[in-house]
Amino acid sequence: MDVQLRSVLLFLAYKLTRLGLLLAAVAVLTFALLSFSPVDPVQAYVGADMLQISPAQRDLIAQRWGLDQPMLLRFGNWLGQMVQGNWGTSMVFDQPVVQVIQQRFELSLPLLAIAWLLSGFLGVGLGVLAAAFQGAWVDRSIRLYAYTLASSPPFWVALLLLIAFSVELGLTPICCAAPPGALAEEVTFWQRLHHLLLPAFTLTFIGVANITLHTRQKLIDVLHSNYVLFARAQGESLAGILWYHGLRNILLPALTLQFASFGELFGGSVLVEQVFAYPGLGQATVQAALRSDVPLLVGIVFFSALFVYAGNTLADLSYQIVDPRIRLGGRIG
Amino acid sequence: MLAIGGEREEGFDPTLGWGRYGSPLFQSTLLRRDENLEIVNDLATGYTVSQDGLTWTVTLRKDAVFSDGKPVTAADVAYTFNQAARSGGLVDLTALKEAVAIDTHTVELRLQKPQSTFVNRLITLGIVPQHAHGPDYARKPIGSGPYRLVQWDEGQQLIVEANPLYYGQTPGIRRLVFLFLEEDAAFAAARAGQVHVVSVPQSLAKQTVEGMKLHAIPSVDNRGLMFPFPPKTGATTPKGYPIGNDVTSDLAIRKAVNFAIDRQALVDGVLEGYGSPAYGPVSGLPWEEPTAKIEDNNPDLARQILAEGGWSDKDGDGVVEKNGLRAEFTVLYPANDSIRQALALAVAEMLRPVGIRVNVEGKSWDDITPLMHSNVVLFGWGSHDPTEVYNLYHSKAAQGGFFNAGYYANPFVDRMLDLAMEAPSEAEAIPFWRAAQWDGKQGFTAKGDAAWAWLVNLDHTYFVQECLDIGQPQVQPHGHGWPITANITRWKWTCN
């Protein structure tokens, strides 16, 4: 018991140290990259008003955002504040970065969660189906679907779905997280769900391809193994083989892949939210990048690094639950 | 329900730039422009400018209150101007020295130097309440405007309602919802019957939407070719970018380009007919000089101008030369703008027969910036504020930025622009703005120095629900979308 506890603590300490190093590297890199970016933040802020804003006013704008100082000094200031928990002020939203991320993520979370769960179950299901009937028309159509989806740009898929379901069929709303014109207190849970539906499905459709193909391949390997041949020789049915040998063996890679897909999920949401005018974190990311909003962009990069890291850690942790052969102690001790 | 784009993520604080196009909705301005762009009173009952042009005295109406019930006073006006001058937002008040409240209903705006265009700040700057203006203001605006904020779902929509305390005429539409959608999604929403006003790019204007009418509103949102004016001498901007171009510094080249282009063909071909030919930067505005217009689409005249200027095709390659210099230049345009790309390519085709070779290159603005003082750039401007004319053509405005990027310089034009700027009022400045364009002998337009080749003005195209009467809109400035709200209080719903 004591050994067990110690190994968990060690594991956590190890993970946290790595997280710290990762975040430090991410901070330095993002900041440096953005500083060398050709986008001039003052110009991005001024935008089309170029001829209304005199050089004197430009200087004033630069002063307001601290852009008149050298990069190293800015980085120092920013780091100092960061350590104190102040993530700075977003230039686009003129609001504390933490507040922007929090507001936006609250809207993105249900979208990401639904898409993640659906694409996980659907992906494994389709993968198993394809592998079980390898070579048959089921397999071929599933593969066609997966390859097509894996190679289509997400925003394009999103637009097609929007045209089909919202414009032509009128089944789903055209935009936003709530009915346009409705007051916040009037919006029901079902309305919110209704507005989540199409973006979430789009994300699912896109996310499913990867996990389907991996599951299929892995299961085919399993089905060609000696122990499956042995089970078959003893008269085990296909269902039985899948259940007793297949699932347990493919669950581990599927889980890893599923948790590791946090990053792709996040990336996909950026595009999908843009198309559906869904005001989540993805949309804010686009704004921040287009207008060189360094504090917000660094904040979002930080946040997404945390998010993806959490996904990978969860994958690590889930191993021991699924597969008793893997022990934490064995990995570190 | 409107989908006209243009969310202001920063919030609705006029001291940071909210409301400079169209109506600030929640706040009211001292003056405003009517349908004919004439200046009329709004919050102000009148204003006078001192003899030296340095002091503007504005008197306020006495019945105006903010939406929280407190009266609008001169102190609020003075506070708004001083705050906007300090805050480093998108309101350029660097000309203002200070704003002082003289009594409850009189305010004095003291300037650094005379500026007739300062009146545009009185037209665009919404007045905020001093007592309620804090860090939260941008998200919870209080003002004396026709509408008040009900709800803002960032990234999605803005819901506003008529302000019952508004001193002016009660708006015809009680409740407005602005949806912030991408162009494609907005058009899809209109086709699904979910929005009543949608701004669309010209390329979509040819389509029909059931139950909606297309409104093509004229604008000064213009596009033109900016020529580098001086020859290449090795001079550079303060940032070290090269200035000048040996080909475009020749008047014959600039004139030939101006006369050879078929502007109506550009309107019909590139803008699908939704636009008008542009011969200067201020088409349709009160300070446009009508005689500056030229008869274009005249390649023969262009060839003649080139020949008289000493340009001829000696080696027979279809491109004219002068002293060993080929008549060849590059037109740069922002690569993400399909209209500018089409314009640039069409112009290149139109100039080929007269012997001028144009290379067309799309780049990002950040890549264009270092090159724009030595290459031709396809720019787009257009404003209700004639300061823009000054910034485009005054030799002193050329500082290595977007102002007078081509380093154009003509002492006569400079003098006219200075006189226009120093005039005590906009009306008195107009003759000078016009003279700078063309006074019969000289000027910056095609008949004179041909410092630019202006091409077209875009029409701003909107689909509007048949039941909605949007009144008579103004000639719109650069920026598609919000300008349509300028007369929003006059909008009416005509069906039941």
Side-chain angles (χ1 to χ4, degrees), chain A residues 37-40 43-65 90-95 100 103-104 107 159 162-163 166-168 170 173-185 273-280 283-284 287 291 293, chain B residues 1 3 9-11 13 16-17 20 85-95 120 135 138-139 150-151 153-157 159 175 177 179-182 184-186 188-189 191-195 364-367 369 379-381 383 385 387-388 391-392 397 399-403 478-479:
Chain A
S37 139
V39 181
D40 173 3
Q43 182 50 45
Y45 179 73
V46 171
D49 283 348
M50 286 184 276
L51 275 207
Q52 308 292 322
I53 302 293
S54 66
Q57 183 68 18
R58 270 172 195 269
D59 292 346
L60 215 63
I61 294 170
Q63 262 175 39
R64 172 170 163 220
W65 299 111
S90 157
M91 279 182 72
V92 173
F93 298 94
D94 198 16
Q95 235 183 343
V100 176
Q103 275 175 8
R104 294 297 181 125
L107 282 163
L159 229 92
L162 183 75
I163 290 170
S166 299
V167 178
E168 299 299 335
I174 219 107
C175 81
C176 318
L183 296 177
E185 57 267 23
E273 287 183 9
Q274 194 67 14
V275 172
F276 292 107
Y278 193 87
Q283 209 193 37
Q287 295 276 11
R291 294 182 36 194
D293 184 346
Chain B
M1 207 164 281
E9 292 86 359
E10 253 199 299
D13 186 345
L16 294 177
R20 60 199 190 285
R86 267 199 304 271
S87 65
L90 292 175
V91 186
D92 191 338
L93 274 172
T94 43
N120 289 291
R139 286 182 156 69
V150 177
Q151 180 178 316
D153 300 328
E154 289 180 43
Q156 288 187 79
Q157 62 171 351
I159 306 178
R175 190 189 175 112
V177 180
L179 285 181
F180 305 119
L181 299 179
E182 292 287 297
D184 294 323
R191 282 181 55 200
Q194 296 188 4
V195 296
S364 73
W365 276 122
D366 300 293
D367 289 333
T369 312
F379 275 118
W381 306 109
S383 166
D385 181 348
T387 309
E388 193 173 282
N391 290 336
L392 283 175
Q399 303 282 340
F402 286 99
F403 288 9
H478 194 84

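Numbers restart at 1 for each chain; the letters A, B, ... are given by sequence-line order, proteins then strands. This is a predicted model, so every value here is computed, not measured.
- Ranked by heavy-atom pairs under 4.5 Å with chain B, the first of Glu273(A), Gln274(A), Met91(A), Gln63(A) is Gln274(A).
- Here the CZ atom belonging to Arg58(A) is positioned 12.0 Å from the OG1 atom belonging to Thr94(B), to the nearest 0.5 angstrom.
- Contacts of Gln151(B) with chain A are made by side-chain atoms alone, with heavy-atom separations under 4.5 Å and no backbone atom involved.
- For Leu16(B), the parts lying near chain A are the backbone and the side chain together; criterion is any non-hydrogen pair under 4.5 Å.
- Among all heavy-atom pairs drawn from Ala192(B) and Ser166(A), the shortest one is CB-O, 4.4 Å.
- In this structure a side-chain-to-backbone donor-acceptor pair under 3.5 Å is present from Asp92(B) to Ser54(A).
- A donor-acceptor pair under 3.5 Å is formed between the side chain of Gln57(A) and the backbone N or O of Gly89(B).
- Contact of Gln283(A) with chain B is made through the side chain alone, with heavy-atom distances under 4.5 Å.
- Using a 4.5 Å heavy-atom cutoff, the side chains of Pro55(A) and Phe403(B) are in contact.
- Neither the backbone nor the side chain of Ala186(B) comes within contact range of chain A, judged by heavy atoms closer than 4.5 Å.
- Of the atoms belonging to Val195(B), not a single heavy atom falls under 4.5 Å from chain A.
- Of the listed residues (Ser87(B), Pro135(B), Ala138(B)), the one with the most heavy-atom contacts under 4.5 Å to chain A is Ser87(B).
- Residues Leu90(B) and Ile61(A) form a side-chain contact, since some pair of their non-hydrogen atoms from C-beta on lies under 4.5 Å apart.
- Residues forming a side chain to side chain contact (heavy atoms under 4.5 Å, CB included) with Arg139(B) (at least two apart in sequence, or on another chain): Phe93(A), Gln95(A), Trp152(B), Glu154(B).
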